[in-house]
Amino acid sequence: MRRSRFTLSDRTMAQLLGLLFAVASISMQAQVTSVSHPQHPVTVGYDRAHEITINGTIEKLVSHSAPGSPVGLHLLLTAPQGTIDAHVGPYLSKDTLANLHEGIPVQVLGAMEDVHGKQVLLARQLIFAGRMVNVRTANGFLLLPQPQRLTPAKSENSKVEVNGGAR
């Protein structure tokens, strides 16, 4: 009997199956490796229904948070309830940062959240030194600082003529 041109020999079939198993095992090892790394939460929850107001004094400003803790600035507050970790995020304006310092009284409106077994106050609003700073939206999303818009001051001596004025 004559064999067709497209028939594979037993040896070629065994080589192809071996190659297939090798590729599959490498792929499975790559998947196991990527899954085994610990995952950090991208966002933490915010429960507006359980907002609280804390009055305290800034004990310490912590810009390098512990692993697993929300990224950004944390205010450690001394309050009647004890020491409170208030997360204010990475987006405070330079002006706000310049006025936050240890020893000043602050009022923080926010919601407590359990982050890896530790209670953190997710600050939505700060009141200190006669100013009010919104840190999060009502739904708990961090706010970006608003850029200050500079407008040129108009003087009485500056006149602009349009359409054929003197040059």
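The figures that follow rest on heavy atoms only: side chains count, while hydrogens, waters and symmetry mates do not. Since the model is a prediction, treat every value here as computed from it, not as a measurement.
- By the side chain to side chain donor-acceptor pair (under 3.5 Å) test, Gln81 pairs with no residue at all, sequence neighbours left out.
- Under the 4.5 angstrom side-chain criterion for Ile, Leu, Val, Met, Phe, Trp and Tyr, Val71 has no cluster partners at all.
- Residues forming a side-chain contact (heavy atoms from CB on, under 4.5 Å) with Leu97 (at least two apart in sequence, or on another chain): Leu73, Leu92.
- Shown here are the side chain to side chain donor-acceptor pair (under 3.5 Å) partners of Gln119, two or more places apart in sequence or in another chain: there are none.
- Residues passing the side-chain contact (heavy atoms from CB on, under 4.5 Å) test with Ile104, sequence neighbours excluded: Ile58, Leu100, His101, Phe128.
- For residues 117-126, the pairs satisfying salt bridge (charged side-chain N to carboxylate O under 4.0 Å, His left out) are Glu51-Arg124, Asp85-Lys118, with sequence neighbours left out.
- Proximity of Pro90 to Leu142: side-chain heavy atoms (C-beta onward) are separated by under 4.5 Å at one or more points.
- Residues satisfying the side chain to side chain donor-acceptor pair (under 3.5 Å) criterion with Thr83, sequence neighbours excluded, are absent altogether.
- Considering only residues two or more places apart in sequence or on other chains, Thr137 meets the side chain to side chain donor-acceptor pair (under 3.5 Å) condition with none of them.
- For the side-chain contact (heavy atoms from CB on, under 4.5 Å) test, no residue two or more places apart in sequence or in another chain qualifies with Ala129.
- For the pair Val108 and Leu77, the minimum side-chain heavy-atom distance is below 4.5 Å.
- Taking CD1 of Ile84 as the reference point, atom CD1 of Ile52 lies at 6.5 Å (rounded to 0.5 Å).
- At least one side-chain heavy atom of Leu61 sits under 4.5 Å from a side-chain heavy atom of Glu102.
- Side chains of Gln107 and Leu126 form no contact here, defined as non-hydrogen atoms less than 4.5 Å apart.
- Hydrophobic clustering, defined by side-chain heavy atoms of Ile, Leu, Val, Met, Phe, Trp and Tyr closer than 4.5 Å, groups Leu76 together with Val62.
- Interatomic distance, CG of Leu122 versus CE of Met112, reported as 8.5 Å (0.5 Å rounding).
- Pairs of residues two or more places apart, or lying in two chains, that qualify as ring-ring contact (aromatic ring centres under 6.0 Å, His included) and include a residue from residues 47-98 are His74-His87.
- For the side-chain contact (heavy atoms from CB on, under 4.5 Å) test, residues two or more places apart in sequence or in another chain that qualify with Gln125 are Leu109, Ile127, Met132, Asn134.
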